[in-house]
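Keep in mind that this is a model prediction, so the values were computed, not measured. Quick note: numbers below take in every heavy atom, side chains included, and nothing from hydrogens, waters or symmetry partners. Lettering follows sequence order; numbering is per chain, from 1.
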There are 2 protein chains.
Amino acid sequence: MAVRRVTLADVAKLAGVSPTTASLILNGKPDTRFSADAHRRVHQAVAELGYRPNIGARALRTDRSLTIGFISDVVATTRFASGLIRGALEEAENAGHVMLVLETGSDPTREAEAVGAVLDRQVDGIVFATMRAREMVVPALPESTRVVMLNATNAGFGVSVLPDEETGGRSAVDLLAAAGHVEGIVLIGQNDEVERDLFRSATVARRVHGLRSEMAELGLGFIAEESSWDWEPENGYALTASLLDRRDDVRALLCMNDRLAFGAYQACQERGIVVGRDISIVSFDNDELAAYLRPGLTTIGLPHEAMGREAVRLLLSQETAVERLVGMPVVERASVVTLDRTSDRARRAQERLDERQARTGSAPVDAGARGSA
Amino acid sequence: MAVRRVTLADVAKLAGVSPTTASLILNGKPDTRFSADAHRRVHQAVAELGYRPNIGARALRTDRSLTIGFISDVVATTRFASGLIRGALEEAENAGHVMLVLETGSDPTREAEAVGAVLDRQVDGIVFATMRAREMVVPALPESTRVVMLNATNAGFGVSVLPDEETGGRSAVDLLAAAGHVEGIVLIGQNDEVERDLFRSATVARRVHGLRSEMAELGLGFIAEESSWDWEPENGYALTASLLDRRDDVRALLCMNDRLAFGAYQACQERGIVVGRDISIVSFDNDELAAYLRPGLTTIGLPHEAMGREAVRLLLSQETAVERLVGMPVVERASVVTLDRTSDRARRAQERLDERQARTGSAPVDAGARGSA
DNA sequence: AACGGGTGGTAAATGCGTTTACCAAGTTGA
DNA sequence: TCAACTTGGTAAACGCATTTACCACCCGTT
């Protein structure tokens, strides 16, 4: 019962030196302030006793706890963006840190409490993450606390990590154009209200902007835009169903997210239109869903894990005032029909796509191994 | 810069008492060892200065850090069982604790490191969670460390939290029987190998046992069993496709999980068989997926959040040697056809279902509001 | 002989809150 | 009046690792 932990004093005693010496030897840079023999004896004692420093005690003195706080609205544990936390966890581990994870549900009271709780534990820094990339208010903090906004922005803190939505939007268009789609393209979901909505805006506005710019630059246009406030499967279904019942010149669907696309699949199926043969669908997010669909859904992924890693990397660095945009991977599965790719526009789009992929180093991810069968 | 934190000494000075007094007043039970006035002055000072105790310093003395370690193989951040961590987080917050979350990928080296890391931070206890409920080996730990196994079992530690799979299995059968299904029931996925597999066994074996017992007790039998090692959508698709092409007396599918069911939906759709009208499907897990399907999938849910909550509750209690089984909610959506319910077997099944739901207090969850349209 | 400069260390203070041991002054009770 | 409590409170130790300030000793100079 309660076998006392091995302390530095124990190590010192066994090694026949003072605690001071033991501490200096264990932490000091490897200069030879002490005899080689003292070094040996101390390390020997550490190994023998299985000594591990008490991080709390150390933090008391050094103000470094090797612990970081990860405070999110609701992102941490939701399928929506669990990758954020996974990436952060991974990078924290690499850096020898450990993560306190808290959720606040966007409730200001809980947010304040969460900040207090992690500060009370002397964290080395705090990552604030949100599910929907957005402007987030952060409770008052001591000047000296390092902060990174993850999938969120905040005027007060310069360091934030966001997906490169503008480029992602362009990629989606290029994907279609490069496959030869120059006509019959419909945009599904985009809604001006949503775009202006403070909550989703940071992300959606840029995505749409990239989308439209690329269309324009390639000389393309949408033949229709079906908009909806919510972006759930049922909306995708309804929008697509009515679209297909109304007109017969639809060749490609650009869906604002995978859940909309999922609904679109259902509508197509019902009408005997087979995705990947009679019609192309491209969307955003790379939800788990996307791989399960038949045929596999080609989508522009949210790089959650990479973002999480980047956030922790930034937090532990000294960098200040950065807005880091993380590239969105192009995940090609089997929902895009290949048409005639010889047109000028198609070639141009393919070039841009190639160039972009080379730049982000993102080989087409997991090209539909699952679900494309 | 580096605005020094307010310490207890500051509070004491402002209140005109010794740190001892301040500490005793702030922590002591509300007995009147000290004058009412001293109480008032101390609390006043705390409020004025915004004092918050340094948890690390306190832990040094008291060995209680109000922090718990949550170590999982890979569960924490995966859609598969993120509910576990969410529930744990919730309950920890309620209890004024905070959670260190670590992942190990089942790598023994990382597991040992993780245990070391949380112990170094003086956690009050450790929750070990796994994605697949199974026997898990835990690195050596000091006797005094409180441990709870979550969705896992370990011979050495008496306290574990698991889903009540046996009862869940029975519920699935009852659901079908109560809707009048007494013939044409097929089991999809179940595989003897899987059942014996140490990894999935703890959960699957009990589920299957419940399933079969209930069938037997109601005098029912499967007309076929399609087994598969993997339980992914593509397997569900292949299994169901071949089944439907082979025989025409299939009226109900009992799928071992939602992903299999998802594949089954696709196979049915392809053949013009509409789920919820021509055929019934019931499965397990209550994946996100289940709500997206059309019609909504009726499924026996894994009570991840409740399990997470229960784990933390047990961890912070003094209880020892418990295996807590958490009831699996019956999530009724629209994938089950209602047939003639007047048979004896149907009535018996309905009774059991009712009784069980009353017992777990689980009203049919979210009865298909989404996806059932 | 006295001084400057390494070499190889250590005692003690520090960070912060809790806890033990003790104390002074006032009350009671006999 | 004196011993025995009570009341209201404090000094100091403690938990553990880091860090500052200092020391003893030896060597080589001048």
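Nearest-nucleotide positions on DNA chain C for A:Val17 and B:Thr21 put A:Val17 closer to the 5' end. Comparing B:Ala38 and B:Gln122 by the nucleotide of DNA chain D that holds the closest heavy atom to each, the one mapping nearer the 5' end is B:Ala38. Both A:Leu8 and B:Arg41 lie close to DNA chain D; mapped to their nearest nucleotides by heavy-atom distance, the more 5′-ward contact belongs to B:Arg41.
Between the P atom of D:dC16 and the NZ atom of A:Lys13 lies a distance of 12 Å, rounded to the nearest Å. Here D:dT18 presents its P atom at 11 Å from CG of A:Leu66, a figure rounded to the nearest Å. Between A:Ile25 atom CD1 and C:dG9 atom C1' there is a gap of 10 Å when expressed in whole angstrom units. Remark: P of D:dC16 and CZ of B:Arg121 are 17 Å apart, rounded to the nearest angstrom. The CG-P distance, from B:Leu26 to C:dG17, rounds to 10 Å in whole Å. Rounded to whole Å, atom C1' of D:dC16 lies 16 Å from atom CG of B:Leu119. The distance from atom CG of A:Leu24 to atom C1' of D:dC16 is 15 Å, rounded to the nearest whole Å. Separating the CG atom of B:Asp120 from the C1' atom of D:dG15 is a distance of 16 Å, rounded to the nearest angstrom.
Out of D:dA11, D:dT19, C:dA11, the shortest distance to the side chain of B:Ser18 is found at D:dA11.
Formation of a donor-acceptor pair under 3.5 Å by the B:Asn151 side chain with backbone atoms of B:Ala129 is not found in this model. The closest donor-acceptor contact from the side chain of A:Arg110 to the backbone of A:Ser106 lies at 3.5 Å or more, if one exists at all. Remark: side-chain polar atoms of B:Arg121 are paired, donor with acceptor, to backbone N or O of A:Leu66 under 3.5 angstrom. Between the side chain of B:Arg146 and the main chain of B:Leu314, a donor-acceptor pair closer than 3.5 Å is present.
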For residues 54-61 of chain B, dump all side-chain donor-acceptor pairs below 3.5 Å to protein atoms at least two apart in sequence or in another chain.
| unit_1 | atom_1 | unit_2 | atom_2 | d |
| --- | --- | --- | --- | --- |
| B:Asn54 | OD1 | B:Gly56 | N | 2.8 |
| B:Asn54 | OD1 | B:Ala57 | N | 3.0 |
| B:Asn54 | ND2 | A:Gln122 | OE1 | 2.5 |

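For B:Asn27 and C:dG17, the shortest distance from a side-chain N or O to OP1 or OP2 is not below 4.0 Å.
Applying the salt bridge (Lys or Arg N to Asp or Glu O under 4.0 Å) test to residues at least two apart or on different chains, the pairs with a partner in residues 48-57 of chain B are A:Glu113-B:Arg52, A:Asp120-B:Arg52. The salt bridge (Lys or Arg N to Asp or Glu O under 4.0 Å) pairs that include a residue from residues 9-28 of chain B are B:Arg4-B:Asp10, where partners are two or more places apart or lie in different chains.
Interface residues of residues 51-65 of chain A facing DNA chain C, ordered by number: A:Ala57, A:Leu60, A:Arg61; criterion, heavy-atom separation under 4.0 Å.
At a cut-off of 3.5 angstrom, the base of D:dA12 holds at least one donor-acceptor pair with the side chain of B:Thr20.
At a cut-off of 3.5 Å, with distance as the only test, no side-chain donor of A:Ser23 or A:Thr20 sits close to an acceptor on the other residue.
Between its opening and closing five pairs, the helix from C:dA1-D:dT30 to C:dA30-D:dT1 changes axis direction by 70°, a value rounded to 10 degrees.
Residues that satisfy the salt bridge (Lys or Arg N to Asp or Glu O under 4.0 Å) test with A:Arg313, not counting sequence neighbours, are A:Glu91, A:Glu310.
B:Arg86 has no carboxylate O lying under 4.0 Å from a charged side-chain N of A:Glu103, or vice versa, which leaves the two without a salt bridge.
Heavy atoms of A:Thr7 sit under 4.0 angstrom from primed sugar atoms or phosphate atoms, though from no base atom. No contact: B:Ala22 has no heavy atom under 4.0 Å from any strand.
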